[in-house]
Amino acid sequence: MTWDTIANIMIGGVLTGLVYALMALGLSVIFGVIKVVNFAHGEMMALAMYAAFVIFSTYGLDPLLATPIIAGGLFLIGYIMQRALVAPFVTRPEHEQFILLLAVAILLVNGLLLIFGPDAQSVMVEYGFDSFEVGPLILDKVKVYAAAASIAVALSLLLFFKYTRTGKAIRACSDNLRGAQVVGLNIKNLYALTFGLGAACVGAAGCLLSMLVDITPMLAPELTLLAFIIVIIGGLGSLSGALLGGVLIGASEALAGLLITPSMKSLFSFGLLILVLAIRPQGLLGKRSS
Amino acid sequence: MLKVENLHLYYGDAQALSDVSLNVPDGEIVAIVGANGAGKSSLIRTLAGIEKPAQGTITFDGQDITGQPSYKVCELGLGQVAEGRQIFPSMTIKENLEMGAVINRGRAHAERNFERATTIFPRLKERLDQAAGTLSGGEQQMLAIGRCLMGEPKMIMFDEPSLGLAPALVQEVFQVIHRLNDEGITVVLVEQNVAVSLKMANHAYVLENGHMVMEGTGESLLNDDRVRQAYLGL
Ligand SMILES: Nc1ncnc2c1ncn2[C@@H]1O[C@H](COP(=O)(O)OP(=O)(O)OP(=O)(O)O)[C@@H](O)[C@H]1O
Ligand SMILES: [Mg+2]
């Protein structure tokens, strides 16, 4: 195997990892603010993947262009989910939150299974086999586009949190909830917006990932697990950590494919997880809990 | 300005406030004194809409605000400088102040109130981009007061504003409270520093185990034997 091939595979992994990073960013945003772990995260991603598939197969709309629509749809679903379902559980014990979101996850997967069946579907855009050649490197066009779109979405979210009034208000809730009540922030609404934004991230990520992998309902639990691994590696509640974790997992999956076989990729992800937990339990960019 | 009638508050089965009534006239300073755990902070949180009372009514500025969420109460002009300051530690001073003006009421006058807050506390203006968590206790208290002013309050409830501050700063905080009152803001003051708060107050209440057990002008309570014994150690 030549160095060029290795570089190509690794870069491919990093590009896919950026899409994972966007997914994990959604999980991290929700947890960081509402302190609820979205156990239905991968399932929501699968929902977005099927939405991309349906839109592509009926209207021929490229998932890249469908991303805002699907992110918007998932935003609404997340907003309503928080308002109607999760809000009453925010102050309840964690195991109750877990069961609630697990129920949502099971409903989603089985709903998808019922509608689409267990067979893999795929979205094949025209430029699916095209690539960019940069010197000796050959980069899949779809991966480059999906990664670039993921970066764009992640970046706009970070800018939103840094500069807009609503973004700052959401940060304030996560920083000091009592303080947020004291200044009169509408916490219920901000929480619903946050869940919506987290869902929009995973929606965009799912839409983009639909161009890169085959879609099956059983992908959902795997993605949930993957999102957890990424967030834990990067550091719970750290947004930049989620991004770093995503890239690392993408690279380690590629490495697994390179060294052993692609079906062993989870082995590498878990290996990385254990390594990080052993060396830096709070995650790479996580703050040590006091 | 604020009228509270027969307020009851429970935390689960434990009763924190029992049949509390209180009246805060427009433009005055009203002090609430009481031992640790008497329910002073619970009372303030209930008035602010953070805790939901089981019974009783709260009327602010002619409107019934009983059971209203805190964002609605703030919108009517009832602000608070909460126990423990409750600033946003990882946000900058500027952002902390901005958060005080997210309510519509504050948003309309954000610039003017920013000027006002930073004129009263010039030290805040010198370090607008510093994370609030890195400030000293006194500076954090100033930030909490400044942030409250950003919401354009008609009335401010102060919960132990001098707790943990160096004596010089304690003086400064009391002067600021006086000044705000002179500028027309009605004040409710909860203080461990009972002597000072009774001296400042037009009217005062004594809270014991969730019950209002005494009330009177600040001066009359200051001269009351039971108050002197229980709270002034005389
Ligand atoms: N969130 C809560 N949940 C349960 N019990 C509470 C809660 N907050 C306060 N209490 C209890 O209610 C009672 C009144 O507490 P509160 O903090 O209102 O008193 P306080 O007069 O402000 O005391 P301090 O001078 O110590 O600030 C105490 O017995 C306290 O333990
Ligand atoms: Mg208190």
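Computed from a predicted structure; not experimentally measured. Throughout, a chain's letter reflects where its sequence line sits, starting with A, and its residues are numbered from 1.
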If you check every heavy atom in residues 98-124 of chain B against those of chain A, which residues fall under 4.5 Å? E98(B), M99(B), G100(B), A101(B), V102(B), I103(B), R107(B)
Got V231(A) and F31(A) here, is their nearest side-chain heavy-atom distance under 4.5 Å? no
Sort out for me which of G79(B), P89(B), A144(B) touches chain A most, counting heavy-atom pairs under 4.5 Å. P89(B)
Counting only heavy atoms closer than 4.5 Å, note whether P69(B) contacts chain A via side chain, backbone, both or neither. neither
Set of residues satisfying side-chain contact (heavy atoms from CB on, under 4.5 Å) with respect to I44(B), sequence neighbours excluded: Q80(B), M157(B), D159(B), V190(B)
Looking at V183(A), L177(A), D175(A), which makes the most heavy-atom pairs under 4.5 Å with chain B? D175(A)
Determine whether a donor-acceptor pair (N or O, by modelled atom type, separation under 3.5 Å) exists between the side chain of S28(A) and the backbone of L25(A). no
Could you tell me which residues satisfy side-chain contact (heavy atoms from CB on, under 4.5 Å) with E96(A), sequence neighbours excluded, listed by chain and number? F89(A), R92(A), P93(A)
With heavy-atom distances below 4.5 Å as the criterion, would you say the side chains of I156(B) and L149(B) are in contact? yes
A side-chain contact here means heavy atoms from C-beta on lying under 4.5 Å apart; do Y71(B) and I187(A) qualify? no
Contacts under 3.5 angstrom, residues 67-86 of chain A side chains, donor-acceptor by atom type, not counting sequence neighbours:
{"from": "T67(A)", "atom 1": "OG1", "to": "P63(A)", "atom 2": "O", "distance (Å)": "2.7"}
{"from": "T67(A)", "atom 1": "OG1", "to": "L64(A)", "atom 2": "O", "distance (Å)": "3.2"}
{"from": "Y79(A)", "atom 1": "OH", "to": "N189(A)", "atom 2": "OD1", "distance (Å)": "2.6"}

Under a 3.5 Å distance rule, please check whether T194(A) uses its side chain to pair with a backbone N or O of L190(A) as donor and acceptor. yes
Under a 4.5 Å heavy-atom cutoff, which of A82(B), G84(B), S70(B) has the most pairs with chain A? S70(B)
